[in-house]
Engineer: 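I have a structure here, written as structure tokens, and I will follow up with some questions on it.
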Amino acid sequence: MIPLCLKSVVKLKRVDDTEKQSQLDLLMEYYKEHPKRNIRHPEVVDWAVAEWKKRTGKVFRDPDRGIRRLSQDGLLIKVGKGVYKYDPDFVANRDLENFTEAQKQEIMKRDGYHCVVCGLGPEHGVELQVDHIKPKDKGGKATIENGETLCAKHNFQKKNYKQTESGKRYFIRLYEAAKANKDKQLQDFCRQVLEVYEKNRVNGQIVWKK
Ligand SMILES: [Zn+2]
């Protein structure tokens, strides 16, 4: 029996990801045994690695990544750097912020059944997913306006390469400042950097108005 709050995660996973899912379940097991307590990474990681070894005989690689994933999925609250907590009330609220099937259909229809970053769709063999523009763990709601259609690749990129976002935003700000100061050279430099972002379709959800 899978706990209700984990069902949303399970749905997102493919069948070949069952081992990864079991690892996430294992991590959750620890947090659920210690609800509403701020827990540092090492405490959970050490337990999970030992427990996984005991149960499966295998090595649990990168449990830190699993913890981040659980936080992104709204199952854990990030309290500080490397500190997370499980709060059953919070999770119940988070579940409300998942899109319903009807909402997903409406969002995909609005976006023309194409990824809003690369424009690819099922006819190009890509899987479409509906993403929260403002993430759930930052208070993003399950509204049509807060939804966007992404292909699996760009959804993955958005979730896993957040650190590149501040880079793009930085160069956009610098570009604007250079433009205001009529600093042609700096403006040119920023334009070139931003064009590299666009050419590689990195952080396409951040719009740079030239
Ligand atoms: Zn895409």
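First listed ligand is number 1; within each ligand, the first listed atom is number 1. All residue numbers refer to positions in the sequence shown, counting from 1.
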Engineer: Honestly curious: do Val116 and Val126 fall in one hydrophobic cluster under the side-chain, below-4.5 Å linking rule?
Structural biologist: no

Engineer: Tell me whether Trp208 shares a hydrophobic cluster with Leu186, the cluster being built from Ile, Leu, Val, Met, Phe, Trp, Tyr side chains joined at under 4.5 Å.
Structural biologist: yes

Engineer: May I ask you to list the protein N, O or S atoms found at less than 2.8 Å from the Zn ion (ligand 1)?
Structural biologist: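 For the Zn ion (ligand 1), the protein N, O and S atoms that sit under 2.8 Å away are Cys115 SG, Cys118 SG, Cys151 SG, His154 ND1.
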
Engineer: Hey, is the main chain of Ala142 close enough, under 3.5 Å, to the side chain of Glu97 for a donor-acceptor pair?
Structural biologist: yes

Engineer: Mind jotting down which residue pairs meet the salt bridge (charged side-chain N to carboxylate O under 4.0 Å, His left out) criterion with at least one end in residues 109-122? Sequence neighbours excluded, please.
Structural biologist: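 Sorted result for residues 109-122: empty, none.
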
Engineer: Looking at every heavy atom in both Gly66 and Leu24, which two are closest together, and how far apart are they?
Structural biologist: O-CD2, 3.5 Å

Engineer: Count I, L, V, M, F, W, Y as connected when their side-chain heavy atoms are under 4.5 Å apart, and connections chain through other members. Are Ile172 and Ile133 then in the same cluster?
Structural biologist: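 Result: no, two separate clusters.
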
